[in-house]
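Note sheet for the following structure.
Index from 1, following the sequence.
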Amino acid sequence: MEEAKGVVKHILLAKFKDGTSPDLIDELIKGYANLVNLISPMKAFHWGKDVSIENRQQGFTHVFESTFENVEGVAEYVGHPAHVEFANKFLAITDKIIVIDYKPTTVHL
């Protein structure tokens with residue numbers, strides 16, 4: 001297995017509070033996606049809704065994936081004023097979240 005050079009994936013799973021309107025969730029997703037334009041080490045953003053048939057999602061409904069140049073880029077992102085402002089709005093409407101950062105590895109068979 002070979003570790004990717006520097007790249008870090010930032011994964012966030014979210015369960016929004018009951019009663020949160022789909023329009024508010026959509027607005028916040030657009031704000032999350034816009035962070036790519038505001039925080040230079042953030043290179044990509046993807047998101048999606050749970051479609052699992054295994055029923056093991058524990059109430060989490062959305063997944064968000066950001067790609068960073070390196071671990072230092074994640075640290076810059078976490079402390080960046082645009083992220084802090086966004087995170088305060090996002091956390092106010094979430095019931096629970098999980099965040100995992102990892103360096104992707106490639107398996108060569």
Side-chain angles (χ1 to χ4, degrees):
M1 291 190 285
E2 181 180 314
E3 188 172 288
K5 293 184 180 17
V7 172
V8 174
K9 298 286 188 171
H10 177 82
I11 306 297
L12 185 147
L13 303 177
K15 177 184 183 287
F16 293 100
K17 290 180 180 176
D18 290 341
T20 302
S21 76
D23 288 343
L24 180 54
I25 293 171
D26 288 345
E27 179 183 322
L28 283 171
I29 290 169
K30 288 176 186 170
Y32 202 158
N34 189 51
L35 293 177
V36 172
N37 300 314
L38 303 174
I39 305 172
S40 61
M42 187 177 182
K43 298 303 180 189
F45 174 79
H46 300 92
W47 75 276
K49 288 178 142 182
D50 174 59
V51 295
S52 177
I53 60 170
E54 296 180 272
N55 199 27
R56 296 189 178 271
Q57 63 274 38
Q58 300 178 30
F60 292 98
T61 57
H62 291 69
V63 61
F64 304 94
E65 177 191 77
S66 302
T67 304
F68 293 89
E69 297 173 333
N70 50 38
V71 173
E72 294 80 12
V74 176
E76 184 178 333
Y77 162 81
V78 168
H80 193 283
H83 172 258
V84 172
E85 180 182 347
F86 169 78
N88 287 331
K89 293 176 187 174
F90 189 85
L91 293 173
I93 66 163
T94 55
D95 192 23
K96 61 182 178 176
I97 65 167
I98 293 176
V99 176
I100 296 175
D101 298 324
Y102 72 98
K103 287 189 166 197
T105 57
T106 302
V107 177
H108 297 282
L109 301 177

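In terms of heavy atoms, S52 sits closest to N55 at OG-N, 4.0 Å. When all heavy atoms of P41 and G73 are compared, the closest pair comes out as CB-CA, 3.5 Å.
Between F90 and F64, the gap from one ring centroid to the other is short of 6.0 Å.
Between atom CD of residue Q57 and atom OG1 of residue T61 there is a gap of 9.0 Å, rounded to the nearest 0.5 Å. For the atom pair S21 OG and E27 CD, the distance stands at 8.5 Å (nearest 0.5 Å).
Tested against Y77 for a ring-ring contact (aromatic ring centres under 6.0 Å, His included), the candidates Y32, F68, F45 yield a single pass: F68. Shown are K43, H46, K9; of these, the side-chain hydrogen bond (donor to acceptor under 3.5 Å, both in side chains) with T67 is made only by K9.
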- Show your working on side chain to side chain contact (heavy atoms under 4.5 Å, CB included) between H80 and L35 and close with a plain yes or no. CA-CA 10 Å; H80 193 283; L35 293 177; over 6 Å; no
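Counting only heavy atoms from C-beta outward, the side chains of D26 and L24 never approach each other to under 4.5 Å. Side-chain contact check for I11 versus V63: some heavy-atom pair is nearer than 4.5 Å. In this structure, I25 and T20 have side chains that are in contact, with non-hydrogen atoms separated by less than 4.5 Å. The shortest distance between side-chain heavy atoms of E69 and V7 does not fall below 4.5 Å. Between N34 and F86 the shortest side-chain heavy-atom distance does not fall below 4.5 Å.
The side-chain contact (heavy atoms from CB on, under 4.5 Å) check on K49 picks up W47, H62, with sequence neighbours excluded. Shown here are the ring-ring contact (aromatic ring centres under 6.0 Å, His included) partners of F60, two or more places apart in sequence or in another chain: there are none.
Counting only distance, with no hydrogens or angles, the side chain of K17 and the backbone of A92 share a donor-acceptor pair below 3.5 Å.
For residues 92-102, the side chain to side chain donor-acceptor pair (under 3.5 Å) pairs, not counting sequence neighbours, are H10-D101, K15-D95.
In L91, the CG atom is crowded: over 12 heavy atoms of neighbouring residues, nucleotides or ligands sit closer than 6.0 Å.
Tracing side-chain contacts under 4.5 Å through hydrophobic residues (I, L, V, M, F, W, Y), one never reaches L12 starting from I100; they form parts of separate clusters. Linking ILVMFWY residues whenever their side-chain heavy atoms come closer than 4.5 Å, directly or via other members, leaves F16 and I98 in distinct clusters. Linking ILVMFWY residues whenever their side-chain heavy atoms come closer than 4.5 Å, directly or via other members, leaves V78 and L13 in distinct clusters.
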